[in-house]
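Right, one structure below, let's go through it.
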Amino acid sequence: MLRRDFLAETVLVIGMAVMTILGSVIAGLNQDGRPVDWTACALLAGACLILPLRRRRPVVTLLVTLSSLVVYQALAFPYGSAVVPALIATYSVIAETGSRLRPVGLIAAAFLVLYPAAGLPLGVYDSDYAAGTVLVWAVVVGGVVVLAELTRMRREQLAMVKRQMEEAERLREEEARRRTDEERMRIAREIHDIASHTISVIAIQSSVAKEALRDCAACPDSARTALDIIRDASKEAMNEMQAAIGVLRATAGESEPMPGLAQVERLMTSAEEAGLEVLRTVRGTARPLPPVVDLTAYRIIQESLTNTLRHAAARSAEVDLAYDERGLTLRVSDDGRGPTGGTGYGLVSMRERASTVDGWADAGPRAGGGFEVRAWLPAPLEDSGWRGSA
């Protein structure tokens, strides 16, 4: 684009210089006065060379072209096409600038008309057609001014339409954001009013049941342990739900952090309290992950351990995390029998979570017995901003 503009301006300068010089030479053939020489050519060429600045420096361009024209006429060179560069500069000041500089262009246009007209009563022109020529020239200048005014008004109208479109787009975005916020608030209220209440009841009733069993010598310890697990799991679910509600309700920068791999130890502790031995291994160099990937990894591990406790009848499980430059590969395996029956919504949820971050998740029997959940989540090293310790 810049090269095209440069070529266009170069062609304009060369063409205008040739036209003004050649036109002045031809005009001098029919006029009595000083013929066009190198001084005249220098003045005309200088007026043309400044024209590429007419958009960035319109007033400067106008002053230079008018000065060249006045000197040219004062040296009694032939009048004619020498006035064209000044006329182009006048057009640019009126059309390209705002209302503040528009009067400068109108004054220049008036000068271009009055300067030759002033020579009529002074008898400067020998031709009988001088008055008609000056009148025609006044009409030409007036036409240029009208054309410049129309161009300026069109540009101002286009700028106004652009501003209106931008304002309309801003209002649409604000309306969409408002509706999204309203929907988030509605969902947060629903979660709080329904699910949070139910989980709170579970936690409270488990505590009541444990108190009732305290003086029961015949009650097995496993019942008390199960109630502790139910109570702790309910509290954990409540905390996570409150964090999710906080994300829905909060504005930017006010939301509470969602769980991630830093909280996996808590998941393992809960599973071990329920009787499952859990081993965690980390391969590669652990590093911070993008929040959505970190949350997805946590949820997949959480769902996997939950399924193991519910369905697998397993004694042990292993959580394996492998970091590389492209992302995280995680594997949760157990020595149980795997899911039996059920709807399988948990496995579907894991696949959906992984796909939302452009990863994948799969599950199936493990060689040698047991069940295994495998997932890969993208987290390129260059996108994390982490380069390890120095």
Side-chain angles (χ1 to χ4, degrees), residues 191 194-196 198-203 205-206 209 222-245 258-282 289 292-321 328-357 359-366 369-377:
I191 293 175
I194 299 174
S196 296
T198 303
I199 294 176
S200 298
V201 171
I202 294 173
Q205 292 302 318
S206 64
S222 60
R224 296 184 179 89
T225 301
L227 288 172
D228 287 337
I229 294 173
I230 292 173
R231 181 196 61 195
D232 294 341
S234 300
K235 290 181 178 179
E236 180 180 349
M238 179 61 69
N239 291 335
E240 293 183 4
M241 189 171 298
Q242 291 296 336
I245 292 175
M258 294 296 288
L261 292 179
Q263 287 76 40
V264 167
E265 191 70 31
R266 187 175 60 189
L267 292 178
M268 296 171 57
T269 301
S270 298
E272 289 173 347
E273 290 177 351
L276 181 67
E277 181 182 352
V278 184
L279 174 66
R280 178 172 64 168
T281 59
V282 178
L289 301 176
V292 65
V293 175
D294 200 25
L295 174 62
T296 300
Y298 175 87
R299 293 304 187 195
I300 292 176
I301 295 173
Q302 182 185 42
E303 185 66 28
S304 300
L305 293 177
T306 301
N307 288 341
T308 298
L309 290 171
R310 289 179 178 175
H311 310 297
R315 294 187 303 272
S316 63
E318 180 182 0
V319 177
D320 181 80
L321 304 175
L328 170 69
T329 301
L330 65 88
R331 180 175 59 88
V332 182
S333 57
D334 60 59
D335 59 358
R337 63 173 182 268
T340 57
T343 61
Y345 289 151
L347 298 179
V348 173
S349 175
M350 284 189 284
R351 295 189 180 98
E352 290 177 347
R353 282 185 177 276
S355 65
T356 58
V357 295
W360 57 264
D362 197 7
R366 186 178 63 165
F371 196 78
E372 183 177 75
V373 174
R374 299 170 300 276
W376 178 82
L377 305 175

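Just so we're clear, the structure is a prediction, and the values are computed from it rather than from any experiment. Heavy-atom basis, side chains included; hydrogens, waters and symmetry copies ignored.
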For [X], which residues count as a salt bridge (Lys or Arg N to Asp or Glu O under 4.0 Å) partner, sequence neighbours excluded?
X: E273; result: none
X: D362; result: R351, R374
X: R331; result: E318, E372

Do [X] and [Y] come within less than 4.5 Å of each other through their side chains, counting heavy atoms only?
X: V373; Y: I300; value: yes
X: L305; Y: V332; value: yes
X: M268; Y: R280; value: yes
X: L289; Y: L328; value: yes

Counterpart residues, side chain to side chain contact (heavy atoms under 4.5 Å, CB included), relative to A271 (two or more places apart):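 If we apply the side chain to side chain contact (heavy atoms under 4.5 Å, CB included) test to A271, skipping adjacent residues, the hits are L276, V278, L309.
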
Non-neighbouring partners of T308 that pass side-chain hydrogen bond (donor to acceptor under 3.5 Å, both in side chains), sequence neighbours left out: D334

side-chain hydrogen bond (donor to acceptor under 3.5 Å, both in side chains) partners of S316, counting only residues at least two apart: D335

Side-chain donor-acceptor contact under 3.5 Å, Q302 with R299: yes

Test item: side-chain donor near acceptor, S333 and R366, under 3.5 Å: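 There is such a pair between these side chains.
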
Atom pair [atom1] ([X]) and [atom2] ([Y]), whose distance is rounded to the nearest 0.5 Å:
X: T306; Y: L267; atom1: OG1; atom2: CG; result: 7.5 Å
X: L261; Y: L330; atom1: CG; atom2: CG; result: 8.0 Å
X: L279; Y: E272; atom1: CG; atom2: CD; result: 9.5 Å
X: L295; Y: Q263; atom1: CG; atom2: CD; result: 10.0 Å
X: E303; Y: Y298; atom1: CD; atom2: OH; result: 12.0 Å

